Amino acid sequence: MKRIKIKELLSTEDFDREVLVKGWVRTRRGNKNISFIALNDGSVIHNIQVVVDLAVFDESILKLITTGSCIAVSGTLVKSMGQGQTSEIQAKEITLYGTADAETYPLQKKGHTLEFLREIAHLRPRTNTFGAVLRIRHALAFAIHKYFNNKGFVYLHTPIITGSDCEGAGEMFRVSTLDPVHPPLNEDGKINYSEDFFGKETNLTVSGQLEGELGAMALSEIYTFGPTFRAENSNTPRHLAEFWMIEPEMAFYEIIDNMDLAEDFLKYLVTYALENCKEDLEFLNNMYDKELLKNLNFVVSNKFERKTYSEAIDILEKSGQKFEFPVKWGADLQSEHERYLVEKHFKKPVILRDYPKEIKAFYMKQNPDGKTVAAMDILFPRIGEIVGGSQREENFDKLKKRIEELNLPQKDLWWYLDTRRFGTAPHSGFGLGFERLVLFVTGMSNIRDVIPFPRTPKNAEF
RNA sequence: UCCUCAUUAGCUCAGUUGGUUAGAGCAUCUGGCUGUUAACCAGAGGGUCCCUGGUUCGAGUCCAGGAUGAGGAGCCA
């Protein structure tokens, strides 16, 4: 007999037939005549109830069917005789694949704190919460590919090991095969990277954008979706040392096209989750954030507010709010400023653009005013900055001048500058932090709970 | 990295002004119960009070240092 997933069994009314299910036991209860097993196989948040008649089964095997054990059950799918579920399986045969010692198995029937579950990240996918989060995470990843594929974007695999340290997005993790105790040294006592594996200093990528631009200047529209690494000592519920990022890059898109795409993209993804992860979202709504579904529906049905950085500064200055950090044109917006704009003033997602060039990256398109660049950030309630992007500077001379002003290592960027030298074009792109999206959609409050195995400072377990 | 808070049974927590043998709920184990719904009822076992040092007749409790975790800030996605 072929195994049927619990998701399929729970959605059928084709009763009184023989079925085979396999999964992990959530709880078992009953008396000496009858026993009820709640079985889950991860295909859906709900369990199927297996009914065991103790006149047919030996008590010794039943004793081994404890919370966490893995079994296969064949029996008859019937309309449930009890309240609380519509169908159940009358067991005829049970195979015990793996026991789980009740004394030492860490997961109980009762609720655990998220902090405790982080310590047992190898087992937490077996909980309702992480089952729901991981299914939603999968659905969003799938929807990202679907969205871009529908629009004719090409999925470009940018390198994970990078030789340029000018991506400008924070501290990097070094990649090296040199002897860490006695590395080869130059005459000046510094490490001689010419003897390293790649013959130069290399790191894990902090962004695929620069390579993404190379793809866009040939394929028109590309996107990347891969792991990203930041060696920042960030200890917050919104930061990971290893996270996944989506970076579309589009030739012939100007800043407003870029904003339109990002807004449409985010709404598509949230809509996809609402339509395809209904039961998981309902569970999270009930258990963690009673406003979750309301907030998700609000985001997809309202236009994002669009303002320039200067207008935002004006609003903040006139707000009469007391801020810990002063509001000043030219300074980057602080968390408290962003939160005020999104949560108090506009009460909806906000797209800000045209930031002072001093606080943004070298590659952003310089505006005619000489003071700002065509950058855009999307700010979400609770999450803060979920998207950061810009139109790129396509003018060779302006870009070169900016690189010189900022003292960036021009010789490492020769290939990047070549795109402006040969057949340059206006183009734009943005980056979306995948875990921040999952955080928003699931209503979870710590980013370590929306990735299976989080990497944070001092933690690379599992 | 900075600020704040926390760390007591497998889990979640209580523990009075420093005072005898450190408690509860759940989990586990044993027994009971004719269809249960985080089943229920009864009983039992279970402790390096995070670590190191100090103050004191006496420290889970006070002090110092450290570790780990959480929240806020910075950095950023």
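Model, not experiment: these values are computed from the prediction. Residue numbers start from 1 in every chain, and the chains themselves are labelled A, B, ... in the order their sequence lines are given, proteins ahead of strands.
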For [X] and [N], is the shortest distance between a side-chain N/O and OP1 or OP2 below 4.0 Å?
X: A/Arg29; N: B/rU36; result: no
X: A/Asn446; N: B/rG71; result: yes
X: A/Arg339; N: B/rA73; result: yes
X: A/Ser35; N: B/rU36; result: no
X: A/Thr104; N: B/rG10; result: no
X: A/Asn31; N: B/rC33; result: no

A/His427-A/Glu213 side chain donor-acceptor pair, cut-off 3.5 Å:
yes

Pair A/Tyr155 + A/Tyr223: ring centers closer than 6.0 Å
yes

Would you classify [X] as touching base, sugar-phosphate or nothing, given that sugar-phosphate means primed atoms plus P, OP1 and OP2, and contacts are heavy atoms under 4.0 Å?
X: A/Gly111; value: base
X: A/Glu385; value: sugar-phosphate
X: A/His112; value: sugar-phosphate
X: A/Arg26; value: nothing

Check whether A/Glu232 reaches the backbone of A/Glu171 with its side chain - one donor and one acceptor, N or O, closer than 3.5 Å.
yes

Nearest-Å distance once atom [atom1] is located in both [N] and [M]:
N: B/rA14; M: B/rG25; atom1: C1'; result: 11 Å
N: B/rC26; M: B/rG43; atom1: P; result: 12 Å
N: B/rG54; M: B/rG10; atom1: P; result: 28 Å
N: B/rA44; M: B/rA38; atom1: P; result: 27 Å
N: B/rG15; M: B/rU8; atom1: P; result: 14 Å
N: B/rU12; M: B/rU30; atom1: P; result: 25 Å

Among [options], the nucleotide that comes nearest once only the side chain of [X] is considered:
X: A/Glu232; options: B/rC75, B/rU36, B/rG74; value: B/rC75
X: A/Arg448; options: B/rC76, B/rA70, B/rA73; value: B/rA70
X: A/Gln49; options: B/rU34, B/rA70, B/rU37; value: B/rU37

Polar side-chain contact [X]-[N] base: donor and acceptor under 3.5 Å:
X: A/Gln90; N: B/rG35; value: yes
X: A/Ser234; N: B/rC75; value: yes
X: A/Gln83; N: B/rU36; value: no
X: A/Glu88; N: B/rG35; value: yes
X: A/Gln85; N: B/rU37; value: yes
X: A/Asn235; N: B/rU1; value: yes
X: A/Gln108; N: B/rG10; value: yes

Given side chains that start at C-beta, do those of [X] and [Y] come closer than 4.5 Å, heavy atoms only?
X: A/Phe243; Y: A/Val450; result: no
X: A/Phe229; Y: A/Val206; result: no
X: A/Glu324; Y: A/Glu336; result: yes

Only pairs with both distances under 3.5 Å count, Watson-Crick or wobble alike; so what is the partner of [N] in this structure?
N: B/rG25; value: B/rC11
N: B/rC50; value: B/rG66
N: B/rU16; value: none

Could you say whether A/Ser335 or A/Phe243 is positioned toward the 5' end of RNA chain B, judged by the nucleotide with the nearest heavy atom to each?
A/Ser335

Please compare A/Lys109 and A/Gly431 by the position of their nearest nucleotide in RNA chain B and report the one closer to 5'.
A/Lys109

For the residue pair A/Phe265 and A/Phe430, categorise the inter-ring angle as parallel (less than 30°), tilted (30 to 60°) or perpendicular (more than 60°).
tilted

